[in-house]
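Position 1 is the first residue of the sequence; numbering continues from there. Note that this is a predicted model, so its numbers are computed, not measured.
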Amino acid sequence: MADSSSPLPPLCERISHKSYLLRAVDLTILGLLFSLLLYRILHVNQNDTVWVVAFLCESCFSFVWLLITCIKWSPADYKTYPDRLDERVHDLPSVDMFVTTADPVREPPIIVVNTVLSLLAVNYPANKLACYVSDDGCSPLTYFSLKEASKFAKIWVPFCKKYNVRVRAPFMYFRNSPAATEGSEFSKDWEMTKREYEKLSQKVEDATGSSHWLDAEVDFEVFSNTKPNGHPTIIKVVWENKGGVGDEKEVPHVVYISREKRPNYFHQYKAGAMNFLVRVSGLMTNAPYMLNVDCDMYANEADVVRQAMCIFLQKSINLKHCAFVQYPQDFYDSNADELTVLQSYLGRGIAGIQGPQYAGSGCFHTRRVMYGLSLDDLEDDGSLSSVATRKYLAEESLTREFGNSKEMVKSVVDAIQRKSFPQNTLKDSLETAQEVGHCHYEYQTSWGKTIGWLYDSTAEDVNTSIGIHSRGWTSSYIFPDPPAFLGCMPQGGPEAMLQQRRWATGMLEVLFNKQSPLIGMFRRKIRVRQSLAYIYVFSWGLRSIPELIYCLLPAYCVLHNSTLFPKGVYLGIIVTLVGMHCLYTLWEFMSLGFSVQSWFVSQSFWRIKTTCSWLFSIHDIILKLLGISKTVFIVTKKTMPKTMSGSGSGKAQREDDCPNQDSGKFEFDGSLYFLPGTFIVLVNLAALAGCSVDLKRLSRRHGEGDSGLAEACGCILVVILFLPFLKGMFGKGKYGIPLSTISKAAFLAVLFVVFAL
C-alpha cells in the first residue's frame, strides 16, 4: 500500500512537451492546405474534371492534417522515479504477465523463451510475479522449450540480479563479451551462464528438427493427436515458486496454457486467447495488475514493472482514473524508424488528451477495469459505489456476465473489491482453470462484449482501448530511455504488407462497429479530441483511395494535357506546402537521431503501405459488412539475430548496431500487394517518357490544355517515392518484382495511357 501522507517527492510527474513553434508550423501547413482548397473552388469553372478530383483528394489530406494538428496540440508523457518506490510502498502489488504465441513456425520458440526469461528477471519481488504463456498453436515444441527455459531461469535470474544486468534477454545480452577482467568472479559466472544458454538454444534447435523427445516423457502425452485447430484445454504449471518471499534467487511462477479449439468454432483470435489468460490467472494468482507482451517483445528495462507501479500507486494521479499504462513499441532492428517518430510526436499528443491508445503489447492493465467497471461505479477512494455493489456483486448477475464457474465468480468479486488473494498452490486451481477454457464457456456471457478484450475486430488492442476510454477512464504513457520493451519488425516486403493490411482492416472494423468513435463522440464519456485521435487511426485504410488517385493524377494530366496544379504565383502554395512538410518531417526524424536516409526510406514506405497494403483493407471490410466473408488474423513472422559467440570484435559490434545486414532492402513476391505500386511507377514513367518525346501532340487533337513543368515534376516525385519498385523491376531473387506482377501492371498501365490520351 502506498503511504500518501509521506512528505517524500512523488513517484511520477506529468511532463508537458507543448511547443508554440510546432503549433505555429502545424497551423501554417493547415492554412496552406485550406488556401489551396479555396483556390480550387474559385477556379473550378475554368478547369476540367481533374480539378474536381484533385480538390476531393486534397480535402481528405486537409482533414487528416486537421486531425494531426488537434492530436499534437498538447503532447505529454510521464516521468517515473522507481528508486523512490521502496520508500513509499510497504507491500508491492502482484502482477500477472501474459505472453501470447500462436505458431511455432512463424514465431520460433527460442524467441518466446527469450521474452519469458527477460520477464522473469525483472527487478521486482519474484513472489509478486507470475508469467502465463498462451500457446494458441498447441505446440509441444513450445511447451518443451518453456520447460527447458524454466531450468535455465534458475541460473539466469540470480545472475541478472546479482550483477544488475541491464539487458535481460539472453540472446541480446550475450551478443558481445563483457568488459571485465579475465578470471574475475563476474567473468567466470558470465562464461558459465553463457554456456548454459547455448545448451538451452541447442536443445530447442535440436527439438525443432526431431520429435523423439515427445515420446520420452509422460508429460507430453496430452499433446498426442492434437492439432492447432482441434485440441482440448491444456494447462501446465511449468514452475511454481512455492513459499516464495521475494528473494533474489527465486524464479516467478511459469504457467503454460492452450485453450480448447474445435474446427467449427470461431475462437476470436488473440482477443479470445487474452480473455482465457485473464480467467486462468484470475483463478490461480488474481493479481490486480496484468502486463501483456507479444512473444517477440522482450523486457529491455529491468525496472519496467516498478515504473508502471509508480503510475498506479501515485495518489496525485487519482488512482481510480488510470486504467492502463502503455509503453512505446520499440524494435531492435532498423525497420521501425517511422513508428518511433510517430510514437514520439503523435503518441505523446494522444497521451496529452485522455491518455495513449492501447497498442497490443507492452501494456499494464488494471484487472477490475478489464472486468467492465466504469468511473461511475467507483467512489472517490476507489471503492465500489452502492449502486455498483448491487450491480456487480449479485451472484446471479456475475454468473450471467462472467460464466457459470463459482470459483471464477469469487475471484472476480475479490478483484473488484481489491481483496488480497490467498497464496494457494497453483495446481489446486488446475481443474477449475480447465473448465473456463472450454469453447462453450463464453456462450451467452459478456466476455468480449463488455468484459475483457473486446471482439468483433482483428485489431483487438484499439477496439478494447476505445471501450475503456468510452467508460471515462484515462491511461498513462511512459517514454523511458532506454526503451522498456524491444521487439522485431518485419522487413519491408510481403510480411510488412501483410501486417499493415491486418492493422488497417482491424481498425476499419472498429470504425464501423458499435465502438466507433463517430458514435462515442456524442453518446459516451470519451473526450472529443480523443475521439478525433481514434478517427485518425481507424481511418488509415480509407486514406489509400485519395493517395492512390493523387499518385496517378500528375501522369494523367501530362498525358491528357490537363492542368493539375495552380499556375503563376499561386504555384507557390504547392511549392511552399511540399517544402514545409518535407523540412518539418525531416526535422522530426533528425531530432530523434535518425539520418536523412532514414527519413527518405520512411516517407517512401508510408506511400507504399498506404497505396499497396491499406488498399486491400477496404476490400476486406466491404466483404465483411456485406456478410460475404470474415476477416482473417494471420500471424506475422518473427525473426531474431543469431547470438554472437565471438569476443566482442568490431564485426560483432557492427552487427549489433545493425542486426539485419539486408535491412532497408525491399523484398517482393507474387502477391497482389505489389501490383498497385508497380502500376503507379509504370504509369508515371510512361508519362515522363511521353513528355520527353513530346507525345502530348497526340492528345491535343482532343482539345487544347495547359499541362506544364509542375505536372512533370509531380511524376518525378512519385517515381522517387516509389524508388523501391523501380529498383525491384531490375532486381533479382526476392529483391526483384516477379515478371507476372510486372506483366499485369504493364497491361493496366497501357489501358491507363490509352484512356488518358
Side-chain angles (χ1 to χ4, degrees), residues 14-38 56-78 321 326 328 338-359 459 461-463 465-470 472-477 479 503-504 507-508 510-512 515-543 546-547 577 580-581 583-585 587-588 591 606 610 614:
R14 190 175 189 269
I15 306 297
S16 174
H17 297 275
K18 182 168 57 178
S19 169
Y20 291 104
L21 177 61
L22 296 184
R23 283 182 179 181
V25 175
D26 289 331
L27 290 174
T28 301
I29 293 176
L30 188 63
L32 289 170
L33 285 167
F34 286 156
S35 299
L36 179 60
L37 295 179
L38 179 62
L56 295 175
C57 292
E58 289 158 359
S59 297
C60 294
F61 304 151
S62 301
F63 176 68
V64 169
W65 193 260
L66 176 63
L67 294 179
I68 291 174
T69 303
C70 290
I71 292 170
K72 294 168 65 177
W73 197 254
S74 54
D77 59 13
Y78 278 91
H321 284 169
Q326 177 67 57
E338 174 197 11
L339 184 58
T340 302
V341 174
L342 280 175
Q343 291 178 134
S344 181
Y345 294 100
L346 285 177
R348 281 191 171 112
I350 298 173
I353 307 172
Q354 196 174 340
Q357 300 168 0
Y358 167 41
D461 46 9
V462 287
N463 194 26
S465 176
I466 192 172
I468 293 172
H469 284 137
S470 295
W473 295 97
T474 63
S475 52
S476 299
Y477 201 45
F479 214 104
W503 287 351
M507 291 169 183
L508 282 178
V510 184
L511 187 64
F512 294 107
Q515 299 291 338
S516 175
L518 298 173
I519 302 173
M521 190 184 302
F522 307 103
R523 294 174 52 189
R524 304 189 188 116
K525 296 180 180 179
I526 189 170
R527 300 174 190 173
V528 173
R529 285 177 60 210
Q530 190 77 8
S531 290
L532 294 177
Y534 276 111
I535 290 172
Y536 167 78
V537 174
F538 294 163
S539 61
W540 276 5
L542 297 179
R543 290 163 58 182
E547 291 237 12
L577 188 57
M580 279 195 67
H581 184 267
L583 291 175
Y584 187 23
T585 53
W587 173 83
E588 288 181 331
S591 65
W606 184 273
T610 304
W614 293 359

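Rounding to the nearest 0.5 Å gives a distance of 9.5 Å between CD of Q530 and OG1 of T474. In this structure, CD1 in I535 is found 7.0 Å from OG in S516, a value given to the nearest 0.5 Å. Rounding to the nearest 0.5 Å gives a distance of 9.0 Å between CG of L511 and CD1 of I466. Residue I350 holds its CD1 atom at 13.5 Å from CG of D77, rounded to the nearest 0.5 Å. Summarising the geometry, atom CG belonging to L577 is positioned 11.0 Å from atom OG1 belonging to T28; distances are rounded to the nearest 0.5 Å. Put simply, CG on L339 and OG on S344 are 11.0 Å apart, with the number rounded to the nearest 0.5 Å.
The side chain to side chain contact (heavy atoms under 4.5 Å, CB included) test applied to D461 returns Y358, A459, not counting sequence neighbours. Scored by the side-chain hydrogen bond (donor to acceptor under 3.5 Å, both in side chains) test, E547 finds R607 as partners (sequence neighbours excluded). With sequence neighbours excluded, the residues forming a side chain to side chain contact (heavy atoms under 4.5 Å, CB included) with L37 are F34, F55, E58, S59, S62, listed by chain and number. With sequence neighbours excluded, no residue forms a side-chain hydrogen bond (donor to acceptor under 3.5 Å, both in side chains) with Y536.
Side chains of W587 and L22 form a contact here, defined as non-hydrogen atoms less than 4.5 Å apart. No side-chain heavy atom of W503 sits less than 4.5 Å from a side-chain heavy atom of V462. Put simply, the side chain of W73 reaches to within 4.5 Å of the side chain of R529, judged on heavy atoms. Side-chain contact between Y78 and I15 is absent, with no heavy atoms from C-beta onward closer than 4.5 Å. Counting heavy atoms from C-beta on, the side chains of F479 and P356 never come closer than 4.5 Å.
Between W65 and H581, the angle of the ring planes goes over 60°, which puts this pair in the perpendicular group of the 30/60° scheme.
What you find for W614 and W540 is that their closest heavy atoms are CE3-O, 3.0 Å. Between C57 and P546, the shortest heavy-atom distance links the atoms SG-O, 3.7 Å. When all heavy atoms of G349 and I353 are compared, the pair lying nearest together is O-CG1, 3.4 Å. Nearest heavy-atom pair across S470 and I526 is CA-CB, 4.1 Å. When all heavy atoms of L32 and M580 are compared, the pair lying nearest together is CD1-SD, 3.9 Å. Contact record, G541 with L508: CA-CD1, 4.1 Å, taken as the closest heavy-atom pair.
With no hydrogens or angles considered, no side-chain donor-acceptor pair links T69 and R23 at under 3.5 Å. Counting only N and O atoms by type, the side chains of R543 and S539 include no donor and acceptor under 3.5 Å apart. In this structure, a donor-acceptor pair under 3.5 Å is present between the side chains of S465 and Y534.
Cation-pi check for R348 over Y477 is not met; the charged atom does not lie both under 6.0 angstrom from the ring centroid and within 45 degrees of its normal.
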Determine, step by step, whether S476 and R14 satisfy the side-chain hydrogen bond (donor to acceptor under 3.5 Å, both in side chains) criterion, reporting the C-alpha distance in whole Å, the side-chain angles of both residues, the deciding distance to 0.1 Å, and the verdict. CA-CA 9 Å; S476 299; R14 190 175 189 269; over 6 Å; no
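Aromatic rings of F63 and F61 (six-membered ring for Trp) have centroids beyond the 6.0 Å cut-off, not under it.
Listed by first then second residue, pairs satisfying salt bridge (charged side-chain N to carboxylate O under 4.0 Å, His left out) with a partner in residues 61-73 read D26-K72, K72-E588, not counting sequence neighbours. Residue pairs meeting the salt bridge (charged side-chain N to carboxylate O under 4.0 Å, His left out) criterion with at least one member in residues 349-358: none, sequence neighbours excluded.
When each of H469, Q326, Q357 is checked for a side-chain hydrogen bond (donor to acceptor under 3.5 Å, both in side chains) with S475, only H469 meets the rule.
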